[in-house]
Each structure stands twice: as structure tokens, then as C-alpha cells.
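This report refers to the structure that appears directly beneath it.
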Amino acid sequence: MSEPTASDTSRHFLKQWIEEDLAAGANDGKVVTRFPPEPNGWIHIGHAKAICIDFGMAQAFGGTCHLRMDDTNPSKESDEYVEQIKRDITWLGFKWDKFFYAAQMFDKMWFIAEELINRSHAYICELSQEQWKEYRGVPTQPGKPSPFRDRPAEESLALFRRMRAGEFADGTLCLRAKIDMASPNIHFRDPVLYRINHMPHYHTGDTWCVYPMYDFAHPIEDALEGVTHSMCTLEFEVHRPLYDWVIDRMDEMNLLVVRDGKKIRPQQREFARLNLTYTVMSKRKLMQLVDENRVDGWDDPRMPTVAGLRRRGYTPAAIRNFCERIGVSKYESETDVALLEFCIREDLNKITQRRMAVLDPLKVVVDNYPEGQTEMVTLSNNPGDPDSGERQVPFSREIWIERDDFMEVPEKKFFRMAPGQEVRLRGAYIFKCESCIKDADGKVTEVHGTYDTLSKGGNASDGRKIKGTIHWVSVAHAVEAEVRLYDRLFTSSNPLAEEQGDFLDYLNPNSMSTIKGYIEPALAEAAPGDIFQFERLAYFCADSKYSKPGAPVFNRTVTLRDSK
RNA sequence: UGUCUCAUUGUGUAAUGGUAGCACAACUGACUCUGACUCAGUUUGUCUAGGUUCGAAUCCUAGUGAGACAACCA
């Protein structure tokens with residue numbers, strides 16, 4: 001597995017931003033970034049993009065990246081998610097330099113909030129949320145000041161402390177920044193800094209019943225950690241002036257981290273989040289799919305979660321490569337999922353071993369092969385990789401082939417098995433089909449023919465060319481395995497953008513099917529997580545959730561290009 | 001009737017005042033112990049209108065279209 005690398009060819013705007021910043025002498029050339037998930041769900045391919053950017057930019061400039069749990073809202077957070085996020089990031093191949101919880105900084109945030117009150121930059125507001133709607137105004141109309149806006153600092157401070165002491169119910173009071181009620185940017189119209197939430201926090205327990213809002217907490221977290229470049233998605237663009245406002249206040253309080261005699265002033269920039277065709281990325285909706293048991297958990301192979309992709313057989317290198325190829329911009333694009341599938345095919349093609357498996361079996365009898373005889377034939381594990389080695393596969397009189405590989409009446413350019421036509425049984429012999437047996441419905445049940453005894457290994461002794469080659473498994477030696485075929489979860493390319501109906505209306509009822517296939521004996525020993533290419537069929541990953549030895553379960557990763 | 005952001009082939013992205021390139025997708029062909037892979041090739045693009053300039057995807061103005069913002073979520 002190659003190490004994650006940031007692109008040195010594409011120079012997207014974030015990279016340019018940091019380059020220019022460094023060229024101007026900022027931070028003495030030191031870059032510190034951070035990836036700040038809220039631990040309220042499993043991370044998905046969209047987070048993978050952010051992770052590749054956050055960690056990748058740090059790496060590209062010789063800097064470091066922190067992992068921080070942005071856990072300022074106890075309502076939805078848990079350690080289960082924290083641990084899963086850590087596992088997934090590690091699996092993707094990234095290493096954080098430092099790890100933080102936002103909750104570790106609650107004391108500092110509280111201190112800053114009190115200082116803001118003392119400096120008349122914040123006040124306790126008693127307006128209800130409904131009343132505030134009226135005061136705040138709408139984007140096109142200015143708001144009007146809260147009646148509590150000019151209350152004395154001592155009064156606000158006392159109330160703020162009583163808030164913390166638990167004297168008030170949720171929603172009755174809040175701490176607001178005093179900025180500009182007429183600002184065209186709603187986020188400047190006295191935004192809430194602290195709210196009351198009588199809810200135990202998964203880490204701080206009942207220590208707090210007041211919690212800072214994202215807009216207040218995030219810049220403080222960045223500043224206290226010494227983050228230099230804070231990258232996030234586009235929806236936070238309008239929050240940036242407020243981010244800078246908080247940083248300015250911290251600067252006034254001399255709270256910015258000082259490195260080599262210089263203040264580290266974090267800056268925020270925004271990039272477009274990832275949208276993929278046929279894919280729902282909203283954490284809330286993914287949660288819904290899990291909660292309503294429409295999928296088999298967050299790591300269901302149909303889920304766009306990192307864990308789902310892993311269970312499906314995606315490799316970290318393929319995901320990183322995908323994130324590299326999609327680039328970074330501020331255009332709200334929708335990437336074709338075909339690019340993701342290309343990336344995994346490209347990687348798997350290099351690293352997977354080839355195995356023979358028959359998923360829709362048709363019996364073939366080699367009439368001139370001695371009954372009861374078995375011989376081993378040698379097959380390369382990966383013809384494109386000389387170091388992949390070889391294996392022995394048993395061949396005998398009766399074999400399974402793919403039903404698709406036989407046509408009683410071949411169409412033109414069909415070079416596989418058909419009466420009167422020669423075909424190569426991969427790695428074994430050249431076989432000439434002579435007849436087939438059909439049942440009452442006309443369905444072919446068995447094919448007969450003879451093999452060229454001088455063609456062991458698959459090459460004709462007289463040098464004649466055989467155009468078709470097919471895979472097979474010996475009936476006597478084949479192992480039955482469960483094969484799960486996963487299709488897209490949604491039938492609509494954009495289930496969230498459809499004019500009418502719920503995204504659930506576009507769930508694909510055939511998104512998962514299970515079949516019994518016959519696999520060559522060597523495959524029975526596949527370890528969970530091993531990935532193989534089933535000849536000409538697709539890539540399959542031995543499922544990490546199977547436990548029965550000798551009866552593996554394989555998940556299809558991605559099909560090969562459709563054959564004509 | 002607000003502020004901010006965005007617009008380059010079917011999709012995504014590069015070109016930062018000087019030949020519009022790359023990848024995916026699609027289509028041809030060659031090769032092949034699988035029709036996959038690989039290789040070669042083809043098709044398709046600067047939202048519109050003005051302006052600045054020897055020269056504009058790039059700078060300016062206006063328009064069009066898309067998105068974000070009106071949680072005590074992040």
C-alpha cells in the first residue's frame with residue numbers, strides 16, 4: 001500500500017492559498033490543520049475527501065494535522081462514534097499529530113465568554129426563540145436590538161453564572177455576542193454563544209448544563225490548538241466573518257498561541273463538499289437508513305460510509321486516489337460514481353489474485369476424459385504480476401461453467417462454448433462441444449463434448465488459435481459459497497434532488513441479492529477481507545462478517561466493465 | 001427583493017493576460033489463456049452581452065443560472 005500523498009501536479013485554490021500565505025511569511029512556514037468531526041455518526045466518502053484535504057495539505061507543506069472531536073452538543077454524541085472515526089481514519093492511512101476533544105476546552109471557552117461579557121461584547125438575552133425570530137429579522141430586512149442588549153455587564157455575568165449553576169430551564173436564557181443587528185450577514189446579528197442544555201455529556205457528564213455554539217467554539221478550538229489553516233465545507237462560508245470576529249476578540253485578550261514570538265492566527269477557507277451520483281451523503285439520512293433497518297448497519301456494503309466501502313472491498317489507496325482525482329474547488333459539483341468505481345478497479349486489478357468461480361452453473365461433461373480421474377492444472381495468480389505466483393487447480397470429467405458461456409446457437413463474434421466450436425478451458429485443455437441436453441422446458445441442463453488430449457495447459461499442439469477462453473470449476477472439487485451481489489442502494493442518480501417524494505422512494509429493492517456459487521477449492525480458505533477477482537465476473541471481497549470456515553461469504557466489490 | 005459564493009465537453013478538474021489540457025464516461029481499432037487488463041485513436045467545452053488589451057476562460061461592467069445564509073445543530 002502506497003503512502004498517502006498530496007498531489008504535486010494539481011494546484012487547487014487551497015494549496016495556492018497556503019503557498020501564498022507561507023510566501024508572505026505567515027507562521028514561520030509552519031502549517032497546522034485539523035479534521036474536526038462531530039462524533040454523531042460514522043464517517044463516509046464525503047468525510048474522506050475532507051480528511052484527504054486536511055491531512056494532505058498538512059503533509060504537502062511539511063506540517064501536522066490534528067484530529068478533534070467537535071463535541072459541543074451532547075445530544076447526539078457518543079464514544080462509539082469516536083472510536084469508529086479513529087478506526088476509519090487510521091484505516092484510510094492517515095495519522096493525526098494530536099488528538100483533542102472540544103469538551104477539553106470548555107473551561108477556556110467559559111473564561112473567554114466571561115471576558116466578552118466584561119468587555120461588553122456579549123450579554124445575556126432572555127428572549128424566547130420565537131421572540132428572537134422577530135428581533136433578528138430576515139436576510140433582506142435588518143433586525144432590531146434585543147431589549148437586554150445594553151444590560152450592565154455585572155448583571156449579565158451574574159446571570160451567566162447562574163445559568164451554569166443550573167438555575168434556569170433549557171431555552172430560557174442564552175448568551176449573545178453584541179455585534180450588529182443591521183448586518184446583512186445574519187450571523188452578525190447578535191449570534192448565540194452559549195445555550196442551556198440539561199443533558200449529560202458523554203465525557204463531561206453533568207459538569208456542564210451550558211454548552212458553547214459551533215460559531216463560538218470552533219475558532220477557539222482552532223486558536224488554542226495553534227491551527228494555522230482551518231478548512232471546511234462551503235456552507236460555513238457565511239460564518240467566516242464571525243470566525244474572524246472571535247479570533248479578533250481572542251487576540252485582544254492575548255489568548256492566541258505564540259510560536260517563535262509570533263501569534264498564530266487561524267484562518268478559515270471553504271471548499272465544496274463531495275456529491276456522488278446515486279449516493280446519499282447526509283449523515284441524518286444515513287442514520288435513518290440504519291435506524292429503520294433498511295440496511296444492515298452503518299457498515300452495510302451498500303452504505304457510502306468508509307466502513308461500508310471497506311466491507312465491500314474498497315482499499316484505502318483507491319479511496320485516497322479517488323479523492324485526489326476529484327480535485328478541490330468551490331463549484332457545487334456532482335461527481336459520477338463511475339470514477340470511484342474506476343479507482344477501485346484500477347487498484348484491485350494490480351493487487352488481487354485471480355480465482356475461478358461459477359455463479360450461475362451449467363454442467364459440462366468431458367466424455368473422453370476417464371471417469372474418476374483428477375489432475376492438477378497450473379494457473380497464474382495474476383497474469384499481470386509475475387511475483388503473484390501460481391496455484392494448482394483440480395480438473396476432472398465433470399465441470400461447472402458459467403451458463404452465459406454457452407450458447408446453443410452462437411451469435412456472431414461469440415467465441416465461447418457452442419456446439420461444434422472449440423473453446424479453451426482456462427489453464428486446462430481445449431474443449432470441443434458436441435451436444436447438449438435440455439429439459440422439458442427447453443432449458444439446457446448439461447453440455448457434452450471432448451477435449452484435445454494434447455492440449456494440456458490450454459495450448460494446441462499444432463499451434464491453432466483458440467479465440468475463446470472460459471473459467472470452470474471441477475464438480476467433484478468445487479466448494480459452495482455464498483456470494484452477495486450488491487447493487488446501488490438508490491435507483492435515482494440524485495434521490496435528494498427529485499422533485500417529488502422522499503429519498504426512500506428511490507431505494508432499490510434489488511440492491512442486495514444472495515446466490516450460491518461454486519468456487520475453486522483454494523478459495524475456501526480465503527480470510528475475511530481478502531479480495532479476489534473472479535475471472536471475468538467482478539472483484540469480490542471475503543466478508544469480514546462471515547465466521548463459518550469452509551463456507552465463505554463474498555461481497556461483490558464492483559463489476560468489471562460490462563461485456564458486450 | 002438583501003449579503004456572500006460559484007459557472008471551462010456528458011461528469012469532474014487544469015490553464016492565474018499568450019497553443020483550452022488531463023482524467024472518468026462514450027465510441028473505434030489493436031492485442032490478449034476470458035470480451036477484463038493494456039495500447040492506439042475519435043467525439044464533445046470557456047453561461048450571455050458589452051468593455052479594457054496587440055491578445056481574455058482569466059481583468060472590468062451588466063445580465064442569466066445555481067447555491068449558501070433567516071437552529072439556543074455542526
Side-chain angles (χ1 to χ4, degrees), chain A residues 9-13 16 36-38 40 70-73 75-77 102 125 127-129 132-133 136-143 170-176 183-189 191-197 210-211 213-215 217-218 232-241 270 272 277 283-284 322 324-343 345-346 349-350 354 356 379-380 382-384 402 405 413-416 423-428 430 457-459 466-471 533 535-538 559-564:
Chain A
T9 51
S10 81
R11 224 177 127 240
H12 56 72
F13 77 103
Q16 191 180 340
E38 185 185 14
N40 64 350
D70 214 358
D71 49 5
T72 57
N73 180 356
S75 316
K76 309 178 282 183
E77 298 153 359
C125 180
L127 255 23
S128 70
Q129 284 182 64
W132 179 251
K133 267 188 189 172
R136 181 199 50 219
V138 291
T140 51
Q141 295 289 325
D170 292 2
T172 51
L173 303 186
C174 69
L175 181 71
R176 290 190 183 284
S183 171
N185 185 341
I186 292 266
H187 296 95
F188 262 16
R189 320 239 269 229
V192 174
L193 264 24
Y194 262 89
R195 80 287 208 176
I196 303 173
N197 188 357
V210 288
Y211 293 93
M213 299 291 293
Y214 168 88
D215 281 321
H218 206 87
C232 59
T233 45
L234 237 34
E235 68 269 27
F236 294 105
E237 204 162 30
V238 276
H239 296 238
R240 190 155 98 202
E270 312 81 16
T277 55
K283 218 189 252 181
R284 216 196 92 245
F322 170 74
E324 190 61 47
R325 283 171 187 256
I326 56 177
V328 182
S329 76
K330 299 184 74 163
Y331 178 65
E332 296 183 49
S333 56
E334 186 175 49
T335 299
D336 191 337
V337 74
L339 181 60
L340 214 211
E341 292 173 348
F342 167 80
C343 289
R345 252 191 260 121
E346 182 187 49
N349 185 53
K350 288 182 298 208
R354 307 296 126 95
M356 294 198 292
L379 279 161
S380 168
N382 182 341
E402 214 65 54
D405 285 342
K413 291 212 169 182
F414 182 82
F415 300 121
R416 287 169 275 164
V423 69
R424 180 184 294 108
L425 299 173
R426 183 167 167 80
I430 294 168
N459 290 311
I466 305 298
K467 293 214 77 162
T469 302
I470 62 173
H471 53 273
Q533 184 188 120
E535 293 288 0
R536 216 195 63 235
L537 296 172
T559 52
L560 301 178
R561 215 176 271 275
D562 291 335
S563 54
K564 284 168 247 175

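All chains are named by letter (A, B, ...) in the order of the sequence lines, taking the proteins before the strands, and each is independently numbered beginning at 1.
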Distance check, [atom1] atoms only: [N] and [M], in whole angstrom units.
N: B:G12; M: B:A25; atom1: C1'; value: 11 Å
N: B:U19; M: B:U1; atom1: C1'; value: 46 Å
N: B:C6; M: B:C47; atom1: P; value: 14 Å
N: B:A62; M: B:U3; atom1: P; value: 12 Å
N: B:U16; M: B:A57; atom1: P; value: 12 Å
N: B:A23; M: B:A66; atom1: P; value: 33 Å
N: B:U64; M: B:A49; atom1: C1'; value: 10 Å
N: B:U61; M: B:U52; atom1: P; value: 15 Å

Nucleotide nearest [X] when distance is taken to its side chain, options [options]:
X: A:Arg195; options: B:C73, B:G35, B:U34; result: B:C73
X: A:Gln16; options: B:U16, B:U13, B:A74; result: B:U16
X: A:Asn73; options: B:C72, B:A14, B:A74; result: B:A74
X: A:Glu535; options: B:A36, B:G35, B:U34; result: B:U34

Taking any heavy-atom pair under 4.0 Å as a contact, classify [X]: base, sugar-phosphate, or nothing.
X: A:Phe414; value: base
X: A:Val328; value: sugar-phosphate
X: A:Leu127; value: base
X: A:Gly468; value: nothing
X: A:Lys283; value: nothing
X: A:Asn459; value: base
X: A:Phe415; value: base
X: A:Gly458; value: base

With [X] via side-chain contact (heavy atoms from CB on, under 4.5 Å) - residues at least two apart:
X: A:Glu237; result: A:Leu234, A:Glu270, A:Lys330
X: A:Ser128; result: A:Glu130, A:Gln131
X: A:Pro139; result: A:Ile186

How close or far is atom [atom2] of [N] from atom [atom1] of [X], stated in whole angstroms?
X: A:His12; N: B:U16; atom1: NE2; atom2: P; answer: 17 Å
X: A:Leu340; N: B:U11; atom1: CG; atom2: C1'; answer: 14 Å
X: A:Arg354; N: B:U32; atom1: CZ; atom2: P; answer: 18 Å
X: A:Arg189; N: B:G2; atom1: CZ; atom2: P; answer: 14 Å
X: A:Asp405; N: B:A36; atom1: CG; atom2: C1'; answer: 13 Å
X: A:Leu193; N: B:C73; atom1: CG; atom2: P; answer: 13 Å
X: A:Leu560; N: B:G35; atom1: CG; atom2: P; answer: 11 Å
X: A:Gln129; N: B:C73; atom1: CD; atom2: C1'; answer: 11 Å

For [X], check side-chain hydrogen bond (donor to acceptor under 3.5 Å, both in side chains) against everything at least two apart and list the hits.
X: A:Glu346; value: A:Arg325
X: A:Asn185; value: A:His187
X: A:Lys76; value: none
X: A:Glu235; value: A:Thr233, A:Arg273

Taking O4'-C1'-N9-C4 for purines and O4'-C1'-N1-C2 for pyrimidines, is B:A71 syn (within 90° of 0) or anti?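 Nucleotide B:A71 adopts syn.
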Writing each nucleotide of RNA chain B 5' to 3' as (, ), [, ], | or . by Watson-Crick or G-U pairing under 3.5 Å yields .((((((..((((....[..)))).(((((.......)))))....(((((..]....))))))))))).....
Between [X] and [N], is there a side-chain N or O to OP1/OP2 distance below 4.0 Å?
X: A:Arg426; N: B:U34; value: yes
X: A:Thr72; N: B:A74; value: yes
X: A:Thr140; N: B:U1; value: no

Might you point out which heavy atoms bring [X] and [Y] nearest each other, and give the distance in Å?
X: A:Ser75; Y: A:Asn197; value: OG-ND2, 3.4 Å
X: A:Thr335; Y: A:Ile326; value: CG2-CG2, 3.9 Å
X: A:Ala102; Y: A:Asp70; value: CB-OD1, 3.9 Å
X: A:Glu77; Y: A:Thr72; value: OE2-N, 3.5 Å
X: A:Cys125; Y: A:Arg176; value: SG-NE, 3.3 Å

Beyond-backbone contact of [X] with [Y], side-chain heavy atoms, under 4.5 angstrom:
X: A:Met213; Y: A:Pro191; answer: no
X: A:Tyr211; Y: A:Asn73; answer: no
X: A:His471; Y: A:Asp405; answer: yes

Which parts of nucleotides 62-70 of chain B does protein reach within less than 4.0 Å, heavy atoms only, written one letter per nucleotide 5' to 3' as B for base, S for sugar-phosphate only and - for none? -----SSSB
Short N/O separations, protein against nucleotides 39-45 of chain B, under 3.5 angstrom:
none

Using a cutoff of under 3.5 Å, can you pull out all pairs of nitrogen or oxygen atoms linking the protein to nucleotides 17-24 of chain B, with atom names and distances?
residue: B:A23; atom: O2'; partner: A:Arg325; partner atom: NH1; Å: 2.8

With a 3.5 Å distance limit and no angle check, can you tell me whether A:Thr277 reaches the backbone of A:Val337 through a side-chain donor-acceptor pair?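 Yes.
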Partners passing salt bridge (Lys or Arg N to Asp or Glu O under 4.0 Å) against A:Arg195 (at least two apart in sequence or in another chain):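 If we apply the salt bridge (Lys or Arg N to Asp or Glu O under 4.0 Å) test to A:Arg195, skipping adjacent residues, there are no hits.
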How do A:Gln533 and A:His218 order along RNA chain B: which one's closest nucleotide is nearer the 5' end? A:Gln533
